[in-house]
Chemist: 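Got a structure for you, written out below as structure tokens; questions coming shortly.
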Amino acid sequence: MPAHSMEELVSLCKRRGFIFQGSEIYGGLQGFYDYGPLGVELKNNIKAAWWRSNVYERDDMEGLDASIIMHRLVLKHSGHEATFSDPMVDNRKTKKRYRLDHLVKEQKPAIQAAVAAAMGESLENFPALVQALVKRPAQASAALISAGVRDAFSGEVGDWTDPRPFNMMFKTTIGPTQGEDSYGYLRPETAQGIFTNFKNVVDSTSRRLPFGIAQIGKAFRNEITPRNFIFRVRELEQMEIEFFCMPGTDEDWHAHWLEKRLSWWEAQGVPRSKIEILDVPPEDLAHYSKRTYDLMYDYPSLGFEEIEGVANRSDYDLGSHTKSQGELGLVASVEENTDSVAKLSIPHPDTNKPVVPFVIEPSAGVDRALLAVMSEAFTRETLANGSERIVLRLRPHLAPIKVAVIPLARNRDEITTVAKSIKADLQSLGLGRILYEDSGNIGKAYRRHDEVGTPFCVTVDFDTVGLGGEDKQSDPALLNTVTVRDRDTLGQERIQIADLNAWIRSRLV
Ligand code: GAP
């Protein structure tokens with residue numbers, strides 16, 4: 001478990017402008033968060049790092065940006081209408097509603113054990129216990145009551161209803177008419193936009209197997225109990241790859257992607273030693289999955305929770321959409337139709353016969369990635385002089401601000417002109433945000449930039465421009481030089497302005 005708590009991270013996020021509660025001025029909306037000036041930079045940098053590694057640095061990947069609202073039939077035939085639900089129970093006394101597995105998991109061990117015993121199940125296999133509670137709802141409510149399951153709201157034993165499924169998709173009306181069919185869904189995963197565009201991408205790029213399609217975008221889940229800051233939200237962002245391969249090669253590709261993803265996390269400062277790989281038990285697999293590895297990161301105050309899933313979705317989605325298109329008379333079935341015009345198949349690399357590929361899907365949450373990256377970077381340390389500082393030791397490519405350029409005197413044109421010109425020069429390198437920082441006290445500026453992870457602060461002072469101070473002559477050796485302060489070492493180096501671009505670039509790229 002990290003040395004800091006979730007509360008410390010939440011406090012830093014709000015204080016320094018990374019993340020705010022959504023709709024805060026009206027009391028907030030549970031499960032929705034807004035990314036502030038630094039949050040949006042960090043988030044964009046994480047997404048850019050993912051895109052670079054998974055699209056630009058590979059030769060077998062295409063990108064996509066599909067629409068968020070989808071035809072109801074897509075989510076019907078993907079299986080989400082029928083199965084994308086979490087089990088929910090109500091307490092008749094408090095009228096509070098809970099996600100069943102969360103409710104049980106948050107009870108004291110003795111109560112959890114009593115629930116398991118009442119259901120004739122073992123607590124060791126928690127997913128199987130939840131399945132039993134869902135499959136035998138009447139027995140489940142009796143078990144929850146007799147075991148003394150408490151409501152966190154009242155602290156008392158609840159009068160629990162039978163568990164029932166709650167579909168997590170957000171439904172929305174489309175267009176001005178309110179007919180039976182005039183609705184769609186906000187996508188619960190970005191993946192379906194990839195499957196429905198599979199044929200478009202194949203036809204427009206002439207791709208052959210194996211290859212993948214990558215997408216970053218919003219997804220929406222009406223979580224019963226959103227919680228733990230941005231860990232479980234109702235509006236989330238995903239970075240997903242659907243990697244299409246020949247059936248039979250899927251298990252090798254699954255291993256390939258597991259390894260690739262672990263090394264990507266490592267490059268973002270989230271080490272393998274902090275990620276446990278969960279081979280998801282069959283009874284806990286999503287409806288489309290043949291096998292899934294969940295990457296479980298050790299979140300502060302939460303412990304090991306899923307940061308990414310790497311699933312083998314087999315031919316479930318492309319097969320299901322092809323079948324339903326056939327049933328609806330939109331295309332012929334895979335077997336009948338060999339021209340492979342509209343159906344979701346691709347020519348076999350050797351025989352040219354249409355084949356529905358298998359799919360490996362690495363799917364990571366951007367919000368959970370940001371939380372993990374910040375958690376790894378967050379450090380509280382005592383300096384040699386006994387003072388304490390918080391420093392966000394972000395990898396430079398993720399830092400929201402790459403360099404802060406600080407003029408030592410705000411009211412001296414000689415100094416501010418040079419500082420502004422340095423800022424413009426550094427900005428032109430295209431490394432990310434360079435901040436002209438003239439908000440006052442230099443000590444405070446250093447502290448603020450430590451807390452938000454700025455790798456370097458460049459200070460333009462009197463010596464830089466050949467101005468003497470009140471009680472001191474300027475040092476001619478320091479003319480046209482600036483002080484560069486290193487966030488991690490706290491070392492300060494005097495650099496020639498003429499060398500600064502190259503100096504910074506070599507440390508940030
Ligand atoms: N297309 C597969 C899929 O959506 P998932 O395991 O349901 O699989 C993938 O979600 C990732 O999306 C998770 O590993 C997690 O990082 C993120 N995620 C899922 N639900 C989330 C939520 N309510 N809030 C924040 N992130 C979430």
Side-chain angles (χ1 to χ4, degrees), residues 75-153 157-171 185 188-189 191 221-227 232 234 278-294 296 304-306 309 311-314 316-317 319-320 323-324 363:
L75 279 318
K76 175 181 163 119
H77 294 294
S78 65
H80 285 82
E81 257 189 5
T83 61
F84 194 64
S85 55
D86 275 338
M88 167 177 82
V89 281
D90 290 353
N91 179 359
R92 293 189 194 88
K93 285 188 202 159
T94 60
K95 309 279 183 253
K96 290 286 168 196
R97 187 162 273 183
Y98 294 95
R99 197 173 124 174
L100 175 66
D101 50 336
H102 290 171
L103 177 73
V104 176
K105 206 158 213 168
E106 282 158 15
Q107 302 295 314
K108 292 199 169 126
I111 298 177
Q112 291 187 32
V115 174
M119 294 303 293
E121 298 286 334
S122 155
L123 193 54
E124 302 288 289
N125 189 346
F126 193 75
L129 170 60
V130 175
Q131 288 287 328
L133 290 162
V134 170
K135 283 198 183 123
R136 290 177 262 141
Q139 191 187 352
S141 68
L144 297 178
I145 294 167
S146 68
V149 167
R150 288 177 185 275
D151 182 333
F153 179 74
V157 176
D159 181 9
W160 301 107
T161 61
D162 292 359
R164 61 205 183 285
F166 172 75
N167 193 293
M168 289 192 289
M169 284 198 293
F170 282 97
K171 209 173 184 179
Y185 294 107
E189 56 170 3
R221 299 182 179 188
N222 199 1
E223 296 280 352
I224 299 167
T225 42
R227 56 176 62 190
R232 189 174 302 285
R234 288 176 166 142
L278 174 71
D279 194 349
V280 178
E283 60 273 22
D284 217 18
L285 287 173
H287 62 277
Y288 49 70
S289 173
K290 174 179 162 187
R291 186 173 189 179
T292 295
Y293 300 117
D294 277 349
M296 311 291 281
F304 286 93
E305 292 284 352
E306 182 186 335
N312 181 342
R313 286 181 86 128
S314 70
Y316 178 88
D317 299 87
S320 170
K323 184 162 163 278
S324 57
S363 170

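The figures that follow rest on heavy atoms only: side chains count, while hydrogens, waters and symmetry mates do not.
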Chemist: I'd like to check Asp284 versus Pro281 (side-chain heavy atoms, cut-off strictly below 4.5 Å). Are they in contact?
Modeler: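 In contact.
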
Chemist: Run the side chain to side chain contact (heavy atoms under 4.5 Å, CB included) check on Phe166 and Asn222 step by step: do they pass?
Modeler: CA-CA 9 Å; Phe166 172 75; Asn222 199 1; 3.8 Å; yes

Chemist: Please determine if Glu106 and Arg227 form a salt bridge, counting it only when a charged side-chain N lies under 4.0 Å from a carboxylate O.
Modeler: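 Salt bridge flag = yes for Arg227 with Glu106.
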
Chemist: So Val104 and Val130, do their side chains get closer than 4.5 Å, heavy atoms only?
Modeler: no

Chemist: Could you please spell out the steps behind the side chain to side chain contact (heavy atoms under 4.5 Å, CB included) verdict for Tyr288 and Asp317?
Modeler: CA-CA 7 Å; Tyr288 49 70; Asp317 299 87; 4.1 Å; yes

Chemist: Residues two or more places apart in sequence or in another chain: which of them pass ring-ring contact (aromatic ring centres under 6.0 Å, His included) with Tyr316?
Modeler: His287

Chemist: When you look at Asp279 and Asp294, which way does the side chain to side chain contact (heavy atoms under 4.5 Å, CB included) test go after all the steps?
Modeler: CA-CA 7 Å; Asp279 194 349; Asp294 277 349; over 6 Å; no

Chemist: Search all heavy atoms of Ala138 against all heavy atoms of Asp162 and return the closest pair with its distance.
Modeler: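 So the minimum-distance heavy-atom pair works out to CA-OD1, 3.8 Å.
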
Chemist: Where the side chain of Glu305 meets the backbone of Met296, is there a donor-acceptor pair that is under 3.5 Å apart?
Modeler: no

Chemist: Taking 4.0 angstrom as the limit, do Asp151 and Lys96 come out as a salt bridge?
Modeler: no

Chemist: Is it true that Arg97 and Asp90 have a side-chain N and a carboxylate O under 4.0 angstrom from each other?
Modeler: yes

Chemist: Please determine whether side chain to side chain contact (heavy atoms under 4.5 Å, CB included) holds for the pair Met88 and Tyr98, giving the CA-CA distance in whole Å, both sets of side-chain angles, and the decisive distance to 0.1 Å.
Modeler: CA-CA 6 Å; Met88 167 177 82; Tyr98 294 95; over 6 Å; no

Chemist: Locate the shortest heavy-atom distance separating Ala140 from Met119; write the atom from each residue and the value.
Modeler: CA-SD, 3.9 Å

Chemist: Is the backbone of Ala132 close enough, under 3.5 Å, to the side chain of Gln139 for a donor and an acceptor to pair up by distance?
Modeler: no

Chemist: Can you check whether Asp159's main-chain N or O pairs, donor with acceptor, with Asn91's side chain at less than 3.5 Å?
Modeler: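 Yes; at least one donor-acceptor contact below 3.5 Å.
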
Chemist: Which atom pair, heavy atoms only, marks the closest approach of Pro163 to Pro137?
Modeler: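 For Pro163 and Pro137, the tightest heavy-atom pair comes out as CD-O, 3.4 Å.
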
Chemist: Using a strict threshold of under 4.0 Å (side-chain N to carboxylate O), is an ion pair present between Arg99 and Asp101?
Modeler: yes

Chemist: Would the number of heavy atoms belonging to other residues, nucleotides or ligands and lying under 6.0 Å from NZ of Lys93 be above 12?
Modeler: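 Correct, the count exceeds 12.
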
Chemist: Do Glu283 and Asn125 get their side chains close enough for a donor-acceptor pair, meaning under 3.5 Å?
Modeler: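 Distance-only check passes for Glu283 and Asn125.
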
Chemist: OG/Ser78 to CE/Met169 distance, rounded to the nearest 0.5 angstrom?
Modeler: 6.5 Å

Chemist: What I'd like to find out is whether the side chain of Val134 reaches to under 4.5 Å of the side chain of Pro165, using heavy atoms alone.
Modeler: no

Chemist: Search all heavy atoms of Leu123 against all heavy atoms of Ala113 and return the closest pair with its distance.
Modeler: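 Smallest interatomic distance, heavy atoms only, reads CD2-N, 3.8 Å.
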
Chemist: The criterion is salt bridge (charged side-chain N to carboxylate O under 4.0 Å, His left out); which residues satisfy it with Arg232, sequence neighbours excluded?
Modeler: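 Partners of Arg232 by the salt bridge (charged side-chain N to carboxylate O under 4.0 Å, His left out) criterion, ordered by chain and then number, come out as Glu223.
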
Chemist: Would you tell me whether Ser85 and Asn167 have side-chain atoms, one donor and one acceptor, within less than 3.5 Å of each other?
Modeler: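 No donor-acceptor contact under 3.5 Å links the two side chains.
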
Chemist: Can you tell me how far the CG atom of Asp86 sits from the CZ atom of Arg221, to the nearest 0.5 Å?
Modeler: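 It is 9.0 Å, given to the nearest 0.5 Å.
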
Chemist: Would you say the side chain of Arg234 lies within less than 4.5 Å of the side chain of Phe170, judging by non-hydrogen atoms?
Modeler: yes

Chemist: Looking at every non-hydrogen atom in both residues, tell me the closest pair between Ser122 and Ala116 and how far apart they are.
Modeler: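 So the minimum-distance heavy-atom pair works out to C-CB, 4.3 Å.
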
Chemist: Please check if the side chain of Trp160 supplies one atom and the backbone of Val149 the other of a donor-acceptor pair under 3.5 Å.
Modeler: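 Yes.
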
Chemist: Would you find a donor on one side and an acceptor on the other, under 3.5 Å apart, between the side chain of Gln107 and the backbone of Arg150?
Modeler: yes

Chemist: Verify, without hydrogens or angle tests, whether Arg313 (side chain) and Ser289 (backbone) share a donor-acceptor contact under 3.5 angstrom.
Modeler: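 Pair absent, no side-chain N/O of Arg313 close to backbone of Ser289.
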
Chemist: I'd like to know whether Tyr185 forms a side chain to side chain donor-acceptor pair (under 3.5 Å) with Glu81, so could you lay out the CA-CA distance, the side-chain angles of the two residues, the decisive distance to 0.1 Å, and finally the verdict.
Modeler: CA-CA 10 Å; Tyr185 294 107; Glu81 257 189 5; 2.7 Å; yes

Chemist: How close do Leu285 and Thr292 get, counting heavy atoms only, and between which atoms?
Modeler: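 Shortest heavy-atom separation between Leu285 and Thr292 comes out as CD2-N, 3.6 Å.
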
